[in-house]
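Here is the structure we will look at.
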Amino acid sequence: MSFVALWAVAMAAHAQGKTADEFDESKMVYKSNPATLSNQRHTGPFAVGSSLSFDAAIKPLDRARVKTIQIDTTHKVIDLAPGVKFSAWTFGDQVPGPVVRARVGDTIRFSMTNRSDEIAPAAISFAAPMMHSMDFHSAMVSPQDKYRSIAPGQTISFEFTPNYPGVFMYHCGTPMILEHIASGMYGVMVVEPRNGYPTKVDREYVVVQSEFYTKRDPDGRKIEGQPLYVLDTERVRAKAPTYTVFNGRYNGMVDKPLFAKPGERVRLFVLNVGPSNTSSFHVVGTIFDRVWLDGNPHNELRGMQTVLLGSSSGAIVEFRIPEKGKYIMVDHHFANASQGAIGLIDASGGTSEREIEHNNISVTATPIDAPAAKGKANFENKCLACHAVGGGDKVGPDLLGVTKRRTDDWLQRWLMSPQKMLASDATAKAMLKKYTLPMPDQGLSEDDARQLIRYFHWFDEQGKPAPAGAARQP
Ligand code: CU
Ligand code: CU
């Protein structure tokens, strides 16, 4: 090639921006108008905007260059775990808050009313109204101006332009920040590179890990007949959570798996909120072909088994679903996984969501014997996420025939203290090897365990329960 031809190629590449710095500071936006405050409150829905998603299945990018989003704060009791109704503070009336999706250079026109003083039927609240604020890690703005706290009934509005791509945390920044985050005030903002991602995928999901620090309400208040749980401020300071979960719910994505098909490529936007612990995010059965630390493709790692995320660290992980199966997402710090940081990507070839949700137990069949009936209720509450009866192995073994495989005495010890058994008992150790995930300690009393075993005996005496297809029929 002649010198002139080389020169022409170089100039063409330059014109296409190939030699330009993607993060050229001279192109970044550092100025924005001062935030405005008003006493005009939002009414109606607590979160509005076409660039918002409300669950793990994140919507594709909204192409509009200006994105108007409303995310209000509320106080609300959330279902954190079976039987655990937790008094939370929220963005958009959900924990985590809605996912915002934008791209570098977009204008984000944000507004928020502090609606912590509203008692709507859908937002039963036990917490007193209080100041809240919004801090977007994706923005470069003056915290004293944009992130200031507003009183109940006030609305704050401001604009910003994300300069960097990433999986960014947003959260309330009102003191005590630790308590506001531990109460549920956080969410994710995904910022795409100006020209999109360099790879193609078939599915995209958002996974947010966070800790909860709960105790029974000292005043003994109840909601819908169940005890209320509130923030345990001592546990928060001791960094000793009672739950560590994905997307705001204990074993949430075991109950409602994410879907994929064998052979597909999956992109997960992962954020570890903390507030205080680390996540070692892992998907059992595959390898991340790409990890973009903090969600920026510039920070690329290849062929990773886990990605280590400190508090407020994000990542995009991409991987192929190699073959038919259920791929388990965990925090590989297994003490955290056992507190609920578990989810499933279901690529078992099921054709419908209904099939996955099947519990394989005939809903009409309930033991007449009272302890066994109590055992059944407890089973459906605590065990069904991971075990089937006669429907095959799920995360844990199929329990049909369990009373023929194990003695009552063994089952009693196993149900009451799985951790102790895993340390000392050969059968328990063998099960862990087979099923990978340790059975979480469910905090069962002696009676709870006895009733569960009565129920196990009951279904084993029934012979095989209703076939899977009949499970939800009357
Ligand atoms: Cu707050
Ligand atoms: Cu922050």
Side-chain angles (χ1 to χ4, degrees), residues 35 37 41-42 46-47 70-78 86-100 108 110-119 123 125-158 160 162-164 166-191 208-213 230-231 233 236-237 239 248 270-279 293-296 309-315:
L37 283 192
R41 56 196 300 157
H42 295 143
F46 297 106
Q70 172 201 326
I71 302 176
D72 298 334
T73 68
T74 69
H75 290 177
K76 181 187 195 179
V77 176
I78 60 167
F86 176 65
S87 176
W89 309 340
T90 85
F91 283 115
D93 209 36
Q94 60 175 69
V95 179
V99 180
V100 186
I108 309 300
F110 168 72
S111 71
M112 169 178 95
T113 301
N114 181 340
R115 295 168 75 173
S116 63
D117 55 344
E118 281 183 33
I119 308 288
S125 167
F126 289 91
M130 67 183 75
M131 307 283 278
H132 291 298
S133 59
M134 174 60 100
D135 169 342
F136 284 107
H137 285 191
S138 52
M140 298 172 76
V141 293
S142 161
Q144 286 69 40
D145 177 35
K146 312 294 192 286
Y147 302 163
R148 72 180 100 164
S149 296
I150 59 167
Q154 280 192 309
T155 299
I156 188 167
S157 308
F158 60 84
F160 67 96
N163 286 324
Y164 285 92
V167 174
F168 291 105
M169 180 170 170
Y170 68 74
H171 64 88
C172 179
T174 300
M176 302 285 298
I177 300 179
L178 177 59
E179 292 181 7
H180 285 251
I181 296 176
S183 293
M185 300 196 77
Y186 46 78
V188 173
M189 177 159 172
V190 171
V191 181
V208 179
Q209 179 170 330
S210 62
E211 300 129 29
F212 285 88
Y213 305 79
V230 297
L231 185 71
T233 52
V236 175
R237 271 165 198 81
K239 299 201 240 181
V270 187
L271 176 79
N272 178 35
V273 161
S276 297
N277 289 339
T278 304
S279 172
L293 293 177
D294 246 8
N296 182 343
L309 303 169
S311 172
S312 132
S313 300

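Order of listing sets the numbers, starting from 1, for every ligand and every atom in it. What you are looking at is a predicted structure, and each value in this text was computed from that prediction instead of being measured. These values consider heavy atoms only, across backbone and side chains, with no hydrogens, waters or symmetry-generated copies.
- Below 30°, between 30° and 60°, or above 60°: for Phe160 and Phe136 the angle between ring planes is between 30° and 60°, a tilted geometry.
- Looking only at N/O/S atoms, His132 comes nearest to the Cu ion (ligand 1) through ND1.
- Between the NE2 atom of His171 and the NE2 atom of His137, the angle centred on the Cu ion (ligand 2) amounts to 100° when rounded to 10°.
- No donor-acceptor pair under 3.5 Å is formed between the side chain of Ser116 and the backbone N or O of Thr74.
- Contact check for Met169 versus Ile181: side-chain heavy atoms found under the 4.5 Å cut-off.
- Residue contacts to the Cu ion (ligand 1): Met185 brings an N, O or S atom closer than 2.8 Å.
- Between the side chain of Tyr186 and the backbone N or O of Val95 there is no donor-acceptor pair closer than 3.5 Å.
- When the Cu ion (ligand 1) is compared with the N/O/S atoms of His180, atom ND1 turns out nearest.
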